[in-house]
Amino acid sequence: MQQFKITEKIKNLQIDNIEEKLFHYSYDNRSLRALLNNNVSKEDLSYISAYSSFRGEVYENVIYELLLDYALTNDDITKFVLKGPYQDKENLYIKSGLLIDSSSQIVYRSAYKDISEFDALFFTHDSIYFVEMSTSKKTASLNKRLAKKHALLKLIFPNLNIKALIVVTKGSVGLKNFPDYATIWVTDDLDDDELLEKIIFAKRAKKDIKTLSVPKNKKFIETLKVRYKKFQYFPTLQWILDKSRAHKFFDVDLKFFSSSKLSLYFDVYTKLYIGYLSTLEFKKLFPAFEFNVKTDRIIVTIEKVNQTQLDIVYYAKLTNGKLKRIRLQEDEVSIKDKEPDGFTNAEVRFFMKVLEEKHALNENNIKHISNNLDLIDY
């Protein structure tokens with residue numbers, strides 16, 4: 001049974017009393033404004049893409065504003081986290097934790113890197129709800145993102161139930177595929193093109209983009225007031241490596257990865273690091289490997305390659321600075337470049353400093369792990 005029911009006001013996007021507030025949010029609409037100023041055809045793919053993205057931004061702010069009103073009158077909601085123009089970003093430069101980023105969004109950050117972003121967060125007496133909004137009619141990618149957010153919140157709020165409120169527009173497909181912890185709201189499309197164009201070309205001076213007042217109610221809190229258990233991103237990764245290599249009889253303790261907590265870590269990190277191979281050992285598995293690798297180490301991970309499958313995936317930091325993701329399958333070899341400013345590059349840089357000779361693996365280790373991945377109950 002869903003705890004929260006959508007109101008007619010939200011379903012129909014009745015925004016008359018919040019319209020002015022939408023102009024106080026910041027928007028990344030420079031490219032769209034340039035396209036309009038240059039009279040680019042509205043049939044042009046670049047315009048369609050930019051306009052769709054901008055409409056999604058405005059839709060998110062519309063739903064957030066309507067949720068503020070909803071929270072004020074709903075007795076089950078005990079706390080509602082402020083973002084956008086409703087906070088002063090005092091915590092902008094905090095290194096880690098739940099905070100507001102430079103775009104005024106709610107994020108969880110570790111070591112200056114955003115692990116996850118939440119469109120909204122609110123609490124009941126025994127649960128925390130994270131809110132995701134989307135104007136895309138296809139919901140598969142949205143659904144896929146939920147696992148990481150759910151797992152992260154479970155780690156930092158271990159004593160609460162973790163639930164989701166998904167807000168999409170009519171005509172969206174795949175709604176039955178969302179997990180049981182998700183409540184689905186379906187609204188009308190945001191099709192007020194006149195309003196959207198006003199926001200695009202609004203001359204917002206710095207004095208106009210100011211902190212807005214919310215009704216004086218103890219429900220409304222800033223991220224700094226939220227109490228949670230800190231999640232340390234890189235120290236936890238190192239702890240997982242050390243624990244997985246600490247068994248008396250097995251080089252890699254696969255049973256260790258089967259606990260409920262490790263299941264959460266697979267969702268947060270996607271991949272867990274278990275050691276490294278020398279180039280010579282790696283060539284026994286992949287003879288065609290010809291890259292020049294830094295420090296003669298190819299890092300080995302157990303990776304959640306999709307929602308139902310684990311596999312061994314390798315990461316090679318090349319002498320030219322590029323990072324290659326390598327997956328060896330029976331019928332093909334997949335080699336991809338990783339983004340230089342992404343989390344994987346940061347993780348690999350961390351492990352290049354952490355890994356020691358005791359973490360070395362060999363061809364036989366890899367074959368044994370590969371043949372026994374089904375021992376991991378995740």
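Start at 1 with the first residue, then count along the sequence. From a predicted model like this one, the values you see are computed outputs, not experimental measurements.
Two residues are said to be in side-chain contact when any heavy atoms from C-beta on lie closer than 4.5 Å; L237 and V354 fail this criterion. Using a 4.5 Å heavy-atom cutoff, the side chains of P215 and F220 are in contact. Side-chain contact between L175 and V186 is present, with at least one heavy-atom pair separated by less than 4.5 Å. Between L323 and R349 the shortest side-chain heavy-atom distance does not fall below 4.5 Å. In this structure, Y181 and L146 have side chains that are in contact, with non-hydrogen atoms separated by less than 4.5 Å. The closest side-chain heavy-atom distance from L277 to I366 is below 4.5 Å. L98 is listed as a side-chain neighbour of L121, based on a closest heavy-atom distance under 4.5 Å. Taking the side chain as every heavy atom from C-beta outward, V252 and N365 never approach each other to under 4.5 Å.
Shown here for Y129 and L165, the closest heavy-atom pair between the two residues is CD2-N, 4.4 Å. Shown here for W185 and I6, the closest heavy-atom pair between the two residues is NE1-N, 3.4 Å. Contact between G321 and K317 at its shortest, heavy atoms only, is O-NZ, 3.0 Å. In terms of heavy atoms, K219 sits closest to A71 at NZ-O, 2.7 Å. The shortest non-hydrogen separation linking Y276 to E356 is CE2-O, 3.1 Å. When all heavy atoms are compared, the tightest approach of V293 to A316 is CG2-CB, 4.3 Å.
Contacts of E20 classified as salt bridge (charged side-chain N to carboxylate O under 4.0 Å, His left out), with partners at least two apart in sequence or in another chain: none. Residues passing the side-chain contact (heavy atoms from CB on, under 4.5 Å) test with L373 are I302, D311, I312, I369, I376, sequence neighbours excluded. With sequence neighbours excluded, no residue forms a side chain to side chain donor-acceptor pair (under 3.5 Å) with S172. In this structure, the side-chain contact (heavy atoms from CB on, under 4.5 Å) partners of T319, at least two apart in sequence or on a different chain, are N292, K294. The side chain to side chain donor-acceptor pair (under 3.5 Å) check on R245 picks up nothing, with sequence neighbours excluded. Residues passing the salt bridge (charged side-chain N to carboxylate O under 4.0 Å, His left out) test with K324 are D337, sequence neighbours excluded. Here D192 pairs with nothing under the side chain to side chain donor-acceptor pair (under 3.5 Å) rule; sequence neighbours left out.
Of the possible polar contacts, none joining the K367 side chain to the N371 backbone as a donor-acceptor pair under 3.5 Å is found.
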Check: residues 74-85 side-chain donor-acceptor pairs under 3.5 Å, at least two apart:
residue	atom	partner	partner atom	Å
N74	OD1	D76	N	2.9
T78	OG1	F123	O	3.2
K79	NZ	K218	O	3.3
K83	NZ	E60	OE2	2.7
K83	NZ	Q105	OE1	3.1
K83	NZ	D119	O	2.8

Per-pair distances, 0.1 Å, donor-acceptor, side chain in residues 278-286, under 3.5 Å, sequence neighbours excluded:
residue	atom	partner	partner atom	Å
S278	OG	E281	N	3.2
T279	OG1	D296	OD1	2.6
E281	OE1	E363	N	2.9
E281	OE2	K284	NZ	3.0

Could you list the donor-acceptor pairs under 3.5 angstrom formed by side chains in residues 147-157, with sequence neighbours left out?
residue	atom	partner	partner atom	Å
K148	NZ	I115	O	3.1
K149	NZ	E117	O	2.3
H150	NE2	I162	O	3.3
K154	NZ	L160	O	3.4

Next on the checklist: Applying side-chain hydrogen bond (donor to acceptor under 3.5 Å, both in side chains) to N29 and S31, what does each step give before you reach the verdict?
Outcome noted: CA-CA 6 Å; N29 61 4; S31 60; over 6 Å; no

Checklist entry - Stepwise, does the side-chain contact (heavy atoms from CB on, under 4.5 Å) test hold for L66 with T187? => result CA-CA 12 Å; L66 294 173; T187 76; over 6 Å; no

Next on the checklist: What verdict does the side-chain contact (heavy atoms from CB on, under 4.5 Å) test give for S370 and H368, after you've listed the backbone C-alpha separation in whole Å, the side-chain angles of each residue and the deciding distance to 0.1 Å?
Outcome noted: CA-CA 5 Å; S370 181; H368 174 78; over 6 Å; no

Item to check | Verdict with reasoning, E197 to Y51, per side-chain hydrogen bond (donor to acceptor under 3.5 Å, both in side chains) | outcome: CA-CA 10 Å; E197 192 157 322; Y51 191 74; over 6 Å; no

Next on the checklist: As a quick check of understanding, evaluate side-chain hydrogen bond (donor to acceptor under 3.5 Å, both in side chains) for K21 and N61, giving each step before the final call.
Outcome noted: CA-CA 9 Å; K21 296 178 181 179; N61 295 335; over 6 Å; no

Next on the checklist: Run Y265 and F257 through side-chain contact (heavy atoms from CB on, under 4.5 Å) and show every step you take.
Outcome noted: CA-CA 9 Å; Y265 290 142; F257 293 102; over 6 Å; no

Checklist entry - Stepwise, does the side-chain contact (heavy atoms from CB on, under 4.5 Å) test hold for F23 with L195? => result CA-CA 10 Å; F23 290 84; L195 171 63; 4.1 Å; yes

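In this structure, D188 does not pair ionically with K11, as no charged nitrogen and carboxylate oxygen lie closer than 4.0 Å. Between K243 and D253, none of the side-chain N atoms (NZ, or NE/NH1/NH2) sits under 4.0 Å from a carboxylate O, so this pair counts as no salt bridge. Using a 4.0 Å cut-off between charged nitrogen and carboxylate oxygen, D69 and K9 count as a salt-bridge pair.
A ring-centre distance under 6.0 Å is found for Y233 and Y269. The six-membered or imidazole ring of F54 lies away from that of Y59, with a centre-to-centre distance of 6.0 Å or more. Aromatic ring centres of F118 and Y108: separated by at least 6.0 Å. The ring of F291 has its center closer than 6.0 angstrom to the ring center of F289.
The local environment of CD in Q309 is crowded, with over 12 non-hydrogen atoms from other residues, nucleotides or ligands closer than 6.0 Å. More than 12 non-hydrogen atoms from other residues, nucleotides or ligands lie less than 6.0 angstrom from CD of Q329. Residue F250 qualifies as open at atom CZ: its count of foreign heavy atoms under 6.0 Å is 12 or below.
Y70 and E65 share no donor-acceptor pair across their side chains, judged by distance under 3.5 Å alone. Counting only N and O atoms by type, the side chains of S244 and D242 include no donor and acceptor under 3.5 Å apart.
Screening R325, K271, R327 for a side chain to side chain donor-acceptor pair (under 3.5 Å) with E303, the sole residue that qualifies is R325. The only member of F256, F231, Y273 that meets ring pair (Phe, Tyr, Trp, His ring centres under 6.0 Å) when paired with W239 is F256.
Applying the salt bridge (Lys or Arg N to Asp or Glu O under 4.0 Å) test to pairs two or more places apart or on separate chains, none has a residue in residues 226-235. Sorted by first and then second residue, the side-chain hydrogen bond (donor to acceptor under 3.5 Å, both in side chains) pairs involving residues 130-145 (not counting sequence neighbours) are K137-T169, K137-D189.
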